[in-house]
Chemist: 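If you scroll down you'll find the structure; I have some questions about it.
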Amino acid sequence: MAHTEDGPRPKYERIADTLREAIQAGQYGPGDRLPGENDLMATHGVARMTARQALGVLRDEGIAEARKGAGVFVRTFRPLRRRGIQRLAEQQWGNGRSVWSADIGNRSLEVDEVTVSEEAAPERVAAVLDLADELPVCVRRRRFVLDGKPVLLATSYLPMALVAGSAITREDTGEGGTYARLAELGHKPVHFREEIRSRMPSKDEAVRLGMSSGTPVILICRTAFTSEGSPVEFNEMTLDAASYVLEYDFDA
């Protein structure tokens with residue numbers, strides 16, 4: 001029996017280990033059906049709940065997905081490798097490319113559920129953007145869908161005094177996106193700060209991202225600054241943790 005420092009590991013975890021190793025070895029490829037509850041019960045001599053928990057571990061890790069009435073299958077969606085430094089380089093948005101082009105290659109990206117509004121700045125946003133309480137901000141809300149799978153919810157806040165009348169206040173900001181438009185307005189971002197943490201999703205987030213039960217979200221809060229150190233955008237992003245690999249590649 002496998003043991004840890006705290007004692008024997010639960011049987012369902014050991015069954016999940018066996019299935020995971022089989023997937024990694026290529027015994028089950030993307031889209032293949034995994035052994036069902038009845039199969040695992042017979043093979044490992046366990047109760048249905050134990051078999052169900054084992055499959056649940058793989059679903060929670062994003063390795064497998066359940067299809068109603070069909071079983072549990074090896075996930076076909078390839079996690080997105082988010083290149084945290086390269087994607088924000090000026091050579092991306094400064095040359096008319098989306099920051100996403102550093103991440104997705106030739107994969108299909110769709111932005112839907114786009115809304116743009118003028119709202120009073122929430123207290124937390126006003127603090128980051130160094131605004132007086134409830135001064136108006138432009139709020140851009142989007143959902144990003146990669147290869148048909150929702151992967152990210154994003155809400156950007158920008159001081160309305162800076163962006164009023166510009167393409168930033170429209171759904172389509174044009175080539176290079178928000179940062180290219182800020183540069184045209186004389187507020188080019190030259191420095192970014194990202195803070196990262198994780199939690200379980202709200203019910204609404206889980207539905208909008210099509211997430212499996214038990215999967216956490218990654219929260220990335222990014223602030224963009226001009227050369228004078230003025231904050232010009234605050235972006236709150238909610239990522240499906242099972243859909244992402246976060247990559248940071250930089251010199252010593």
Side-chain angles (χ1 to χ4, degrees), residues 1-82 103-105 107-110 112-113 143-154 196-220 237-248:
M1 179 180 291
H3 287 70
T4 66
E5 292 181 358
D6 298 322
R9 296 179 67 221
K11 188 69 174 287
Y12 74 88
E13 290 187 0
R14 286 181 277 134
I15 296 173
D17 290 344
T18 299
L19 292 171
R20 189 187 303 104
E21 290 166 3
I23 294 170
Q24 293 171 347
Q27 184 176 339
Y28 301 104
D32 287 349
R33 186 181 184 277
L34 293 173
E37 293 177 8
N38 290 338
D39 299 320
L40 295 178
M41 291 166 61
T43 300
H44 298 278
V46 296
R48 183 173 301 278
M49 181 56 69
T50 301
R52 186 171 300 167
Q53 287 176 308
L55 293 170
V57 169
L58 301 184
R59 292 199 307 272
D60 292 347
E61 292 177 353
I63 296 172
E65 59 187 358
R67 299 178 189 172
K68 190 172 182 178
V72 177
F73 295 77
V74 179
R75 201 176 190 206
T76 57
F77 180 82
R78 290 183 291 126
L80 174 65
R81 187 168 294 274
R82 183 184 189 272
D103 303 333
I104 64 174
R107 300 175 72 178
S108 175
L109 176 70
E110 177 187 1
D112 69 1
E113 298 185 6
R143 184 177 73 162
F144 294 81
V145 181
L146 185 68
D147 295 342
K149 166 72 176 71
V151 295
L152 166 70
L153 307 174
I196 302 173
R197 61 189 179 92
S198 182
R199 61 164 169 78
M200 298 307 295
S202 68
K203 183 177 181 180
D204 177 66
E205 290 168 341
V207 170
R208 292 178 65 198
L209 289 171
M211 297 174 63
S212 300
S213 175
T215 304
V217 290
I218 300 169
L219 305 178
I220 301 180
M237 293 162 277
T238 304
L239 293 65
D240 173 4
S243 296
Y244 274 89
V245 174
L246 304 186
E247 177 183 299
Y248 294 89

Chemist: Once rounded to the nearest 0.5 Å, what's the spacing between atom CG of Leu209 and atom CG of Asp204?
Modeler: 9.0 Å
Chemist: Is the number of heavy atoms from other residues, nucleotides or ligands under 6.0 Å of Arg197 CZ greater than 12?
Modeler: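 Counting neighbours around CZ of Arg197, 12 or fewer heavy atoms of other residues, nucleotides or ligands fall under 6.0 Å, so no.
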Chemist: In Å and rounded to the nearest 0.5 Å, what is the CZ to CG distance from Arg208 to Leu152?
Modeler: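 CG of Leu152 is found 10.0 Å from CZ of Arg208.
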Chemist: Could you walk me through whether Val245 and Leu80 satisfy the side-chain contact (heavy atoms from CB on, under 4.5 Å) test, starting with their C-alpha distance in whole Å, then the side-chain angles of each, then the deciding distance to 0.1 Å, before giving a yes or no?
Modeler: CA-CA 6 Å; Val245 174; Leu80 174 65; over 6 Å; no
Chemist: Search all heavy atoms of Arg14 against all heavy atoms of Arg9 and return the closest pair with its distance.
Modeler: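 Nearest heavy atoms, Arg14 then Arg9: NE-O, 3.2 Å.
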Chemist: What's the spacing between Leu219 CG and Met237 CE if we round to 0.5 Å?
Modeler: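 Going from the CG atom of Leu219 to the CE atom of Met237 covers 10.0 Å.
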Chemist: Please name all residues satisfying ring-ring contact (aromatic ring centres under 6.0 Å, His included) with Phe144, sequence neighbours left out, ordered by chain then number.
Modeler: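 Counting only residues at least two positions away or on another chain, Phe144 forms a ring-ring contact (aromatic ring centres under 6.0 Å, His included) with Trp100.
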Chemist: May I ask you to test the Val217-Met211 pair for a side-chain heavy-atom distance under 4.5 Å?
Modeler: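 They are in contact (side-chain heavy atoms under 4.5 Å apart), so the answer is yes.
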Chemist: Go through the steps for Leu19 and Ile63 under the test side-chain contact (heavy atoms from CB on, under 4.5 Å), then give the verdict.
Modeler: CA-CA 10 Å; Leu19 292 171; Ile63 296 172; over 6 Å; no
Chemist: Supply the atom-to-atom distance Leu34 CG to Gln27 CD, rounded to the nearest 0.5 angstrom.
Modeler: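 Answer rounded to 0.5 Å: 10.0 Å.
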Chemist: Do you know the tightest heavy-atom contact between Leu58 and Ala16?
Modeler: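 Shortest heavy-atom separation between Leu58 and Ala16 comes out as CD2-O, 3.9 Å.
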Chemist: Answer whether the closest heavy-atom distance between the side chains of Arg143 and Asp112 falls below 4.5 Å.
Modeler: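 Arg143 reaches Asp112 side chain to side chain.
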Chemist: Measuring from atom NZ of Lys11 to atom CE of Met49, what distance do you get when rounded to the nearest 0.5 angstrom?
Modeler: 16.0 Å
Chemist: I'd like to know if the side chain of Lys149 and the backbone of Ser243 have a donor-acceptor N/O pair within less than 3.5 Å.
Modeler: no
Chemist: Mind checking whether Val57 and Ile15 have side chains closer than 4.5 Å, heavy atoms only?
Modeler: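 Heavy-atom side-chain distance check fails, nothing below 4.5 Å.
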Chemist: Which heavy atom in Pro201 sits nearest to a heavy atom in Pro216, and how many Å separate them?
Modeler: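 Shortest heavy-atom separation between Pro201 and Pro216 comes out as CD-CA, 4.1 Å.
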Chemist: Quick one: does Arg33's side chain have a donor or acceptor within less than 3.5 Å of a partner on Ala70's backbone?
Modeler: yes
Chemist: Does the pair Arg20/Asp17 count as a salt bridge with the N-to-O cut at 4.0 Å?
Modeler: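 Salt bridge flag = yes for Asp17 with Arg20.
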Chemist: Closest heavy-atom contact between Tyr244 and Val151?
Modeler: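 Where Tyr244 meets Val151 most closely, the heavy atoms are CE1-O, 3.3 Å.
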Chemist: Mind listing the closest non-hydrogen atom pair of Ala51 and Met41 along with its distance?
Modeler: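 Looking at all heavy atoms of both residues, the closest pair is CB-CG, 4.1 Å.
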Chemist: Can you tell me how far apart CD (Glu247) and CZ (Arg82) are? Round to the nearest 0.5 Å.
Modeler: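 Answer rounded to 0.5 Å: 11.5 Å.
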Chemist: Could you list all the salt bridge (Lys or Arg N to Asp or Glu O under 4.0 Å) pairs where at least one residue sits in residues 46-56, not counting sequence neighbours?
Modeler: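 Counting only pairs at least two positions apart or across chains, the salt bridge (Lys or Arg N to Asp or Glu O under 4.0 Å) contacts touching residues 46-56 are Glu37-Arg48, Glu37-Arg52.
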Chemist: Write down the atom of Leu55, the atom of Pro35, and the distance for their closest heavy-atom approach.
Modeler: CD2-O, 3.7 Å
